[in-house]
Structure formats: structure tokens, C-alpha cells
Amino acid sequence: YLHVQRERKLSTGGDVHAAEKLMAQALQECPESGLLWSAHIGMAPRQVRKSRCADALKRCDKDVRVIGAVARLFWADGKLDKARSWLTRATSLAPDDG
């Protein structure tokens, strides 16, 4: 969790390179963290998000945060039906969080 907070602070402060480096280190330490992967997807440039989603789903395909990040990607691309299906999947995995 601390890695995500530091990464957000660096990326909003304009030091994107340092934020990327910190995120890479965090993902090496905790490669199956859905929180880290969802933040990693969110901080990616638009053209890289799809591949980061694929990587995240390979590591933690049952994590609600990752599935939510994929749904946000589809929503941002205007693919509302796909976004809705991914959000439905997320709520079925964790109904208390939905």
C-alpha cells in the first residue's frame, strides 16, 4: 500500500520516471498484488494500458481491483457493454465491495 501512495505522489508531482521505477520495484516484491497492478494500469499511457491489463490478468485474474481496472479501460474506450460485463464479474467475485 505504501508503494502505491508513493507512486501516486511521484506521478502527480511530475516525476513519472521515478514513479515507474518505484512501481517496477514494488511489482518485483509483490508480483501478485492486485492493488499494485491496478495502480500500474492506471498510471500507464493510453497505448500501453491494454498490455498492462493482460499482464495483470496473468498474475492475478481473480482480483477485484484488477478486474475493475480492466472495466475502467473499456469504459474509457467507449466499450460500455464490455465494461459492464467486467464490472458484473467484479461484483460477483466480491459482492460486499460492489
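This structure is a prediction, so every number in the text was calculated from the model and none was measured.
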Open item on the list: Would you compute the distance between atom CG of Leu35 and atom OG of Ser38 and round it to the nearest 0.5 angstrom?
Closed with: 5.0 Å
TODO: May I ask you to say whether Lys82 pairs ionically with Asp77, meaning some side-chain N is under 4.0 Å from a carboxylate O?
DONE: no
TODO: Using atom types as modelled and distance alone, determine if a side-chain donor or acceptor of Thr91 lies under 3.5 Å from a backbone N or O of Thr88.
DONE: yes
TODO: Report the distance from atom CZ of Arg49 to atom NE2 of His40, rounding to the nearest 0.5 Å.
DONE: 12.0 Å
Task: Single-linkage hydrophobic cluster Leu93~Leu87, side-chain heavy atoms < 4.5 angstrom - done: no
Open item on the list: Quick check for you: to the nearest 0.5 Å, what is the distance between Ser85 atom OG and Lys79 atom NZ?
Closed with: 11.5 Å
- [ ] Following the transitive rule for hydrophobic clusters with a side-chain heavy-atom cut-off under 4.5 Å over Ile, Leu, Val, Met, Phe, Trp and Tyr, establish whether Leu22 and Ile41 coincide in one cluster.
- [x] no
Open item on the list: Does atom CZ (Arg89) have a neighbourhood of more than 12 heavy atoms from anything else shown, all under 6.0 Å?
Closed with: yes
Open item on the list: Can you confirm whether Gln25 sits close enough to Glu20 that some side-chain heavy atom of one is under 4.5 Å from a side-chain heavy atom of the other?
Closed with: no
- [ ] For the pair Arg84 and Asp81, find out whether any cationic side-chain nitrogen is under 4.0 Å from an anionic carboxylate oxygen.
- [x] yes
Task: Charged N-O contact under 4.0 Å between Glu32 and Arg65 - done: no
Task: Atom of Asp61, atom of Ile67 and distance for their closest heavy-atom approach - done: O-CD1, 3.5 Å
- [ ] Return the minimal non-hydrogen interatomic distance between Ala76 and Arg46, and the atom names on each side.
- [x] O-NH2, 3.6 Å
- [ ] Return the minimal non-hydrogen interatomic distance between Leu36 and Ala26, and the atom names on each side.
- [x] CD1-O, 3.5 Å
- [ ] Can you see which heavy atom on Ala83 is nearest to which on Ala71, and at what distance?
- [x] CB-O, 3.5 Å
Open item on the list: Assigning hydrophobic clusters by single linkage (Ile, Leu, Val, Met, Phe, Trp, Tyr; side-chain heavy-atom cutoff under 4.5 Å), is Leu57 placed with Met23?
Closed with: yes
Open item on the list: Please tell me whether Val48 and Val66 are part of a single hydrophobic cluster in this structure, the criterion being side-chain heavy atoms less than 4.5 Å apart.
Closed with: no
Task: Backbone of Pro31 reached by a side-chain donor or acceptor of Trp37 within 3.5 Å - done: yes
